[in-house]
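Note: hydrogens, waters and symmetry copies are ignored here, and every other heavy atom, side chains too, is used. Indexing begins at 1, ligand by ligand and atom by atom, following the structure's order.
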Amino acid sequence: MEVLLRLNPDVAPETHAGLAVGRGSSKFGMTETELTGAVSRLPSDGPVRARGIHLHVGSQLGAVDAWRDALRRGLALLALVGAGRDGFDTFDVGGGFPVGDPGSVPPPERFAREIGPLLEALPAERRPARLAVEPGRFLVARSGWLVASVLHVRARADAERTIVLDAGMTELVRPALYGARHAIVALTSLGRRWDGADGTAGATTPARVDGPVCESTDTFDHHELPEVRRGDLVAIADAGAYAASMAMTYNGRPRPPQVLLEPDGTLTLGRRRGADR
Ligand SMILES: Cc1ncc(COP(=O)(O)O)c(C=O)c1O
């Protein structure tokens with residue numbers, strides 16, 4: 001079996017602290033010394049063969065600088081270790097390509113542009129023969145929406161408007177776990193279809209949007225939403241990665257159904273409410 005050994009690149013990833021796995025203090029990956037030692041203990045003709053280096057700087061990277069630093073370190077180490085070892089030739093740059101509004105986050109092409117100059121700075125014989133990438137959420141995050149209905153609206157005169165949904169940290173744990181932000185749009189307002197995009201809908205105002213679970217961190221933070229009442233529907237964006245896959249049944253909450261939107265516009269039931277998988 002061929003394996004890649006994970007390097008902790010000891011960089012300062014531009015992301016939430018909870019996602020910054022490439023920091024020196026993070027639990028992930030080996031130091032350069034540890035990794036070099038691990039490779040030397042793996043015989044090149046044994047059942048487990050070291051094929052190269054893997055790293056993952058962090059998720060939802062807001063800039064490319066830490067990624068570039070990590071790649072530079074990883075490539076230098078690969079060349080150093082690979083110089084004395086046949087077949088140690090693969091470099092895996094991990095994921096981290098963020099999902100967000102265009103212009104607000106660097107697109108994958110921006111990350112890719114960093115690779116060429118780093119490779120060209122190395123003599124040809126020290127470059128990796130194979131590159132790998134783990135694009136993660138970038139492929140699927142935007143393919144899923146979590147649809148929730150309004151359970152309750154609290155509008156006290158002396159406090160902000162609070163909207164409590166019937167979906168929360170049990171269906172989408174990222175906001176409660178590490179402060180991730182997901183856009184929320186209204187599908188209905190006061191029982192009628194709401195389409196903020198066409199400009200004909202009523203005004204929106206800020207509201208704090210909370211989940212229903214008995215934990216203070218069960219909140220989606222603040223969003224601009226129209227007037228809503230119990231039963232109105234909202235959609236929470238970018239729920240196609242780390243949402244259903246991280247969902248739980250805490251507090252005895254059954255898993256929500258999954259519905260697939262087919263290319264022809266029809267809906268297919270993918271999973272029933274409460275089903276395990
Ligand atoms: C080792 C590894 N590679 C790739 C990824 C994918 O990264 P992303 O968060 O951008 O989906 C992750 C995500 O946690 C990871 O742990």
N-O pairing of Arg51 and Asp89 below 4.0 Å: yes
Considering only NZ, NE, NH1 and NH2 on the basic side and carboxylate oxygens on the acidic side, decide whether Arg253 and Glu171 come within less than 4.0 Å. yes
Would you indicate whether Glu227, at its atom CD, is surrounded by more than 12 heavy atoms from other residues, nucleotides or ligands within a distance under 6.0 Å? no
Near Arg192 CZ, under 6.0 Å, is it more than 12 heavy atoms from other residues, nucleotides or ligands? no
Quick one, Arg229 and Val150 - any side-chain contact, counting heavy atoms below 4.5 Å? no
Evaluate the side-chain proximity of Leu55 to Asp92: yes if any heavy-atom separation is below 4.5 Å, no if none is. no
Looking at [atom], what's its closest protein heavy atom, distance included?
atom: atom 15 (C) of ligand 1; value: His56 CD2, 3.3 Å
atom: atom 3 (N) of ligand 1; value: Glu134 OE1, 2.4 Å
atom: atom 9 (O) of ligand 1; value: Ser59 OG, 2.3 Å

Which option wins on minimum heavy-atom distance to atom 6 (C) of ligand 1: Phe138, Phe28, Tyr242? Tyr242
Enumerate the atoms of ligand 1 whose separation from the nearest heavy atom of [X] is less than 4.0 angstrom.
X: His54; answer: 1 (C)
X: Arg6; answer: 1 (C)
X: Gly136; answer: 6 (C), 11 (O)
X: Gly96; answer: 7 (O), 8 (P), 10 (O)

